[in-house]
Amino acid sequence: MAPESSPAPTAPSLTERAYEQLKSRIMDLELPPGHRITERDAAAELGVSRVPLREALRLLEAEGLIVLVPRQGAMVASWSREDVVRLFEVREELETLAARLAATRRTDADLRLMRELLDDAARALAAGDDSATAAANAGFHRAVLAACGNPLLQQMMAPLNSRVQWLFHLTKHRDTREQREEHVRLYELLQVRNSEGAAELYRAHIAAGLEPTLAIAEAWECFDPVDVTRTRSRTRK
């Protein structure tokens with residue numbers, strides 16, 4: 001009797017495709033904070049109808065990447081100083097816990113993934129590719145969370161992961177080499193299952209990033225999405 005073949009991978013839905021493409025453009029800063037997203041133009045660019053596009057926009061809103069304004073449309077979210085501080089406060093507690101748990105629960109597969117991401121960051125640094133370095137560094141943080149072995153903690157962090165990744169890209173010129181070196185030290189602590197050392201280093205690693213991030217954030221313009229969408233709607237008339 002012939003062995004059963006593996007089921008073919010399911011093609012992404014139109015909603016998933018629109019979501020991934022828009023998210024990628026936001027992460028790459030092709031769509032910067034404050035950018036207006038019109039349904040008609042976005043649907044045409046992505047090759048989808050407005051129904052899957054609207055579902056994709058709702059998913060992005062749930063992750064804090066866009067703001068939907070009733071009867072006005074959507075815009076890429078902006079960051080205030082308070083937004084940055086609040087995110088770091090939560091990260092410092094939850095990601096530190098993830099590092100502590102990962103030290104005792106990580107698998108060899110988890111370590112291999114982290115090593116690959118460290119190597120990706122090293123290659124990107126050598127090539128002077130800040131975007132690729134930021135992506136690899138953000139990926140390392142996600143890998144630590146994935147290794148913690150606590151689904152509840154992962155669920156709590158899930159709504160924040162996209163904003164953390166986005167912040168890495170928005171601050172991609174900030175000490176990327178130093179970030180990678182600290183990730184190497186954390187990797188070494190996880191290797192030897194030093195939970196307290198990993199937690200202490202990770203907390204310090206996150207806390208040290210706050211002030212440099214706030215310094216960069218001073219140049220960001222904050223937007224009132226209602227005012228922006230209304231103003232731009234009037235301008236088109």
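Taken to the nearest 0.5 Å, the CZ atom of R58 stands 8.0 Å off from the CG atom of L68. To the nearest 0.5 Å, atoms OG1 (T176) and CD (E181) are separated by 10.0 Å.
Across all non-hydrogen atoms, the minimal contact from R180 to A122 is NH2-CB, 3.6 Å. Between R91 and V164, the closest heavy-atom pair is CD-CG2, 3.7 Å. E39 approaches L53 most closely through the heavy-atom pair O-CD2, 3.3 Å. Of all heavy-atom pairs spanning S78 and P33, the tightest one is CA-CB, 4.0 Å. Of all the heavy atoms in T107 and D110, the pair that sits closest is N-OD2, 2.9 Å. Residues V144 and A102 share a closest heavy-atom pair of O-CB, 3.8 Å.
Heavy atoms from other residues, nucleotides or ligands lying under 6.0 Å from CD of E200 number 12 at most. Residue R177 places its CZ atom among 12 or fewer non-hydrogen atoms of other residues, nucleotides or ligands, all under 6.0 Å distant.
Here the side chain of S24 pairs no donor or acceptor atom with the backbone of Q21 at under 3.5 angstrom. Judged purely by atom type and a 3.5 angstrom limit, Q179 has no side-chain atom pairing as donor or acceptor with the backbone of N137.
Cluster membership for V76 and L46, using ILVMFWY side-chain heavy atoms within less than 4.5 angstrom, is shared. Linking Ile, Leu, Val, Met, Phe, Trp and Tyr residues whenever their side-chain heavy atoms come within less than 4.5 Å leaves L190 and L113 in two separate clusters. Each of L117 and V184 belongs to its own hydrophobic cluster when Ile, Leu, Val, Met, Phe, Trp and Tyr are linked at side-chain heavy-atom distances under 4.5 angstrom. Using a 4.5 Å cut-off between side-chain heavy atoms of Ile, Leu, Val, Met, Phe, Trp and Tyr, with links allowed through other members, V192 and M114 fall into different hydrophobic clusters. Y187 and L125 are not part of a single hydrophobic cluster, where members link through side-chain heavy atoms under 4.5 Å apart.
Using a 4.5 Å heavy-atom threshold, the side chains of M157 and R142 count as separate. Inter-residue side-chain proximity for Y19 and L57 is flagged as unmet; no heavy-atom pair is nearer than 4.5 Å. Between W166 and R163, some side-chain heavy-atom pair lies under the 4.5 Å cut-off. Looking at heavy atoms from C-beta onward, M27 lies in side-chain contact with S162 at the 4.5 angstrom threshold. Put simply, the side chain of T15 does not reach to within 4.5 Å of the side chain of V51, judged on heavy atoms. No side-chain heavy atom of T133 sits under 4.5 Å from any side-chain heavy atom of K172. The shortest distance between side-chain heavy atoms of R112 and D108 falls below 4.5 Å.
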Begin with the C-alpha distance, continue with both residues' side-chain angles, and end with the deciding distance and a verdict on side-chain hydrogen bond (donor to acceptor under 3.5 Å, both in side chains) for D83 and S80.
CA-CA 5 Å; D83 292 331; S80 68; 3.1 Å; yes
Apply side chain to side chain contact (heavy atoms under 4.5 Å, CB included) to residues R105 and C148 and explain how you reach the verdict.
CA-CA 6 Å; R105 301 178 182 178; C148 78; over 6 Å; no
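The list of ring-ring contact (aromatic ring centres under 6.0 Å, His included) pairs with a residue in residues 129-156, not counting sequence neighbours, reads F140-H183, H141-F168, H141-H183, H141-Y202, H141-H205. Annotation: salt bridge (Lys or Arg N to Asp or Glu O under 4.0 Å) contacts involving residues 18-27, sequence neighbours excluded, comprise K23-E63, R25-E30, R25-E45.
Residues E93 and R203 are paired through a salt bridge, judged by an N-O separation under 4.0 Å between the basic side chain and the carboxylate. The existence of a salt bridge linking R115 and D119 is confirmed by a sub-4.0 Å separation between a basic side-chain nitrogen and an acidic carboxylate oxygen.
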